[in-house]
Amino acid sequence: MAEIHGRIDDHDPAPFRERFRIIFVIIAIAMAVLVIRLWYLQIIRGDELRQRSENNSVRLRKIHPARGLIKDRYGTVLVDNQPAFDLIFVPNRTREAGEVIRKLATLYGEQSLSLAVDPATINKSSYAAPLRLEKAITMEKLAIVETHSLELPGVLVDVAPIRQYLRGASLAHLIGYMGEINQDELAADAYTGASAGDDVGKAGIEKYLDAYLRGRNGAEQVEVNALGRATKVLGQIAPVPGYNVVLTIDAELQQVAVDALGDRAGAVVVMDTRTGEILALASSPSFDPNLFNGGISHEEWNKLAQNARHPMENRAISGQYPPGSTYKPVVAAAALQEGLITPETKVLCTGGYTLGSRTYRCWQKRGHGTVNLHRALVESCDVYFYTLGKLVGVDRLAWYAGRCGLGAPTGVDLPREKGGLVPTKTWKLAKCKEPWQIGETISTSIGQGFNLVTPLQLARTYSALANGGVLWRPRIIKALETPDGRVFKMFAPEKTGVLPVSPQVLETVRHGLWGVVNERGGTGYALKRKEQDVCGKTGTSQVFGLPQNERARRATRITRRLQDHALFACFAPCKNPEIAVAVIAEHAGHGGAAAAPVARKIIDAYFARKKAAPMVAAAQGAGR
Amino acid sequence: MKFDRRLFAEFDWTLLILVLLISCIGLLNIYSTGFMGDFLQNLYLRQAQWIAIGLVFMVAAFSVDYRLVGRRAYIIYGISVLLLLAVFLFGYATRGSQRWILLGGFSFQPSELMKLTVILALAKYFEDHRAGGNGYRLRELVVPALIALVPFLLILKQPDLGTALIIAFIFVSMVFFVGIEKKSLLIAATGGLVFLPIGWFLLRDYQKERIMTLFRPEQDPLGSGYHIIQSMIAVGSGGIFGKGFLKGTQTQLKFLPEQQTDFVFSVFAEEWGFFGCLLLLTMFLALVLWGLKISLHSRNLLGTLISYGITILIFWEVVINIGMVLGLLPVVGIPLPFLSYGGSAMVVLMTAVGLLMNVSMRRFLFQP
């Protein structure tokens, strides 16, 4: 014991005795409080509480709120709710999930059972959280369940509204779709108030504004009988409906854009040049968002997700394409602004541009002869822009492109936007571990090589060319409304930048873009309207580097997948512009032939609508 | 260490029987919650395993002289803090909070161990640094405050408000016990009052909600009020004599969430009624009073402090847990000693009881 140095009788117990007394008092009070509370709950309120618990009587039921509507800029309802019925099962000592499911399957007969839960996990759930067996069941199934309710104890029908996407595939990418909340979302702050089993927005506006659209769950305390059916409502908390969302989209114009694109893979963006509001945003191919209601089946999901044409991708904001010749106005503006050329600077195009041992071809193999800047834009002379690109240099060009809104996300109010790419020397070194080649500057100057833009970026840049240089943040959301229709929040235009060029430069470029459409020999001549009010630029971007040698080129058979993308970016009217349009048609060939007609249909429709309904136009004017 | 025959003679059978009785009640109770089948079926068996393992730890805890344990208190404390840190690095989360680490194939909750080691470290500190005549001054309490604050913050971060609060309760109770100078007490109390509103803002939203729910459970029956309402219905429906073993409808139909852990008392109350509860409370009271008796009779400050700390830990856990189940206190995750299902808690509690026995049976050894 010697190694233990603790002293014997080493403290004076007197003050401790005093404190022990205080602690005894605290303990006595605490115990007394607990006993009194027990007496209150078990004896005074005992009978009442026993009633409430009798025969499993009191249960909480979730009441689903009505999700906010989504409307277009004129108030046309695009997304609505419709009542639907979910099948719920409440397990119990005597009711087993597996048995009930087998029973259901026999009762359904012909109708197949589409379980919303994984049967493997059913028996693992630790307490009686009701199981959502099937979502959005058909009327036939509902009838079967109701008529056989006595054979299906614990099976309840729950009213849970589902989304109705009135415009179907036309707005699928933009509006998104719904799906059951997953584990990660449940844990995230953005989904506070949502609980397991709820449906939440999974893409597009449904996801972006989920917190507003969602509303708040209500609850009902109900008395249920031994079969688990409600007999009496004891208390209720009303659900709070979600906010309505008003989009900047013009549903009719959107439909025109979708129809104009047709079967082709591609995208269309229509932007109001005065405010940055997006009037139409189409992506093709599309899918039916109504498929997701009630939980999409595995097969259908796989069909969508594994489709080689990627129908789920919103090409308008996350498709990245080489801009091709639609990039030329940026190059022209940079060269002019830097004072490297004047509008009258002339270049001789013989159909090719030789640098070192290599010759870069002009699309016009005969050559354009001697052209000035205006003709070079109008006829889209590649050689002219090769010359400019070399003069400006890749990094200076990149600076201009960045300030023109390329190479970075625009900040549109939609999830999963991509930023495109504007290459620089340092980027290349970091990415490829190789120095920049001068030849790459040449391809960059006609929007090939590493350059990538999204259709939305293109529309925004052309909108800035149109409106005198203001880069707006593209907006999809015009306003939020309370469920009773009052405006809760209005979103104002947001200026995010100004083109770094003088008004004279801008005017020169704009005149060139006017020529593209309205002058003989212009590559966008297909778009010439009798009002001569459209300015634009065609683009044909190479997907596949074809052999420069003509004979080898002919010999190469090009499959559709490797064909060029057709682009067209434009704005109208020339004076006091209102809309900018960007069109990309994948693997469709030449921009003037494949993409410009799509833009033409949209512009025609826009002005036809404006003419036909001056009231609507006035409302549109007032709205901004 | 020399074997001393008197150790056997002085073995604290009362304490052992009391703890075994309460644990058996807990086991029956968990059997009742697990009656339904599925994976809970074996829960009572696992709890029995934990009790058995706990008993081994209990024997270990009373075999070595507690003063030897006291000497290593800081090392034990340090290891516990490291384990808490490990929770952040290698731990895994259940239901939004990261509390567990895997230790030799078992999942283990270091925060449970921390409750005991904080007591040991504080006892060791106060044993080494005696107070002056008027009690400890604020300056002398900086180190003990840090001893409690480090695990408090680490546990709060997990987040596990309940366990963090228990650490705070242990600290305050022990400081009160060793004596604090009047002026220091005033300053500390004022400081506490100032910190309270600041602390409110540091709480997570769901924690604030739980506190608010206490005052208006019926307003949010779906969310945070659910536990309280269902628990109160369960307790109240037990009435005077209870519904009988395995007959609790709230329990059997699993209305009660967390019924095998934090809300286990409501299961007991529903099935055994007011008299059953009274009996259980009496047993807890006896355990606490017995612990205080051990503390009072120890002739050695270290022994007094260790046994007091352990007793007060059990006391607070019982009062806060039952208070919460009865809807008197906010829902914070504090288990009911010996009744709630949980391996870490059971083993740590048994070890703590072993230490109590340790102090109890060595109370005469130092006398001439």
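In what follows, chains carry the letters A, B, and so on, assigned in the order in which the sequence lines appear, proteins first and then strands, with residues in each chain numbered from 1.
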Practice prompt. Kindly indicate, with the supporting measurements, whether the criterion side-chain contact (heavy atoms from CB on, under 4.5 Å) is fulfilled by Leu38(A) and Ile322(B).
Written response: CA-CA 10 Å; Leu38(A) 275 170; Ile322(B) 297 183; 5.6 Å; no
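- The part of Phe265(B) that comes within reach of chain A is its side chain, from C-beta onward, which places non-hydrogen atoms under 4.5 angstrom from that chain.
- A side-chain donor-acceptor contact under 3.5 Å links Gln42(A) to the backbone of Val235(B).
- When the candidates Leu285(B), Leu292(B), Ile240(B) are compared by the number of heavy-atom contacts under 4.5 Å with chain A, Leu292(B) comes out ahead.
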Item to complete: Verify side-chain contact (heavy atoms from CB on, under 4.5 Å) between Ile22(A) and Phe176(B), making sure each step is shown before the conclusion.
Response: CA-CA 10 Å; Ile22(A) 299 176; Phe176(B) 159 79; 3.7 Å; yes
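- Taking a 6.0 Å sphere around CZ of Arg216(A), one finds it holds 12 or fewer heavy atoms contributed by other residues, nucleotides or ligands.
- Residues Phe315(B) and Ile27(A) approach most closely at CE1-CG1, 3.5 Å, considering heavy atoms.
- With chain A as the partner, the residue from Gly273(B), Gly238(B), Gly323(B), Ser173(B) showing the most heavy-atom pairs under 4.5 Å is Gly273(B).
- Closest approach of Val35(A) to Phe274(B), counting heavy atoms only: O-CE1, 3.9 Å.
- Closest heavy-atom contact between Leu49(A) and Ile233(B): O-CG2, 3.8 Å.
- For the pair Ala30(A) and Val319(B), the tightest heavy-atom approach, listed with the atom from each and the gap, is CB-CG2, 3.9 Å.
- Contact annotation for Phe24(A): only side-chain heavy atoms (C-beta onward) come within less than 4.5 Å of a heavy atom of chain B.
- Between Asn321(B) atom CG and Leu34(A) atom CG the span is 10.0 Å, to the nearest 0.5 Å.
- Between the CG atom of Asp47(A) and the OG atom of Ser237(B) there is a distance of 11.0 Å, given to the nearest 0.5 Å.
- For the atom pair CZ (Phe20(A)) and NZ (Lys293(B)), the distance works out to 12.0 Å, reported to the nearest 0.5 Å.
- The nearest pair of heavy atoms linking Met31(A) to Leu281(B) is SD-CD2, 4.1 Å.
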Item to complete: Take Phe16(A) and Phe177(B), measure what ring pair (Phe, Tyr, Trp, His ring centres under 6.0 Å) needs, and give me the verdict at the end.
Response: CA-CA 7 Å; Phe16(A) 286 99; Phe177(B) 187 64; 4.9 Å; yes
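- In the displayed structure, Phe85(A) atom CZ is contacted under 6.0 Å by more than 12 heavy atoms of other residues, nucleotides or ligands.
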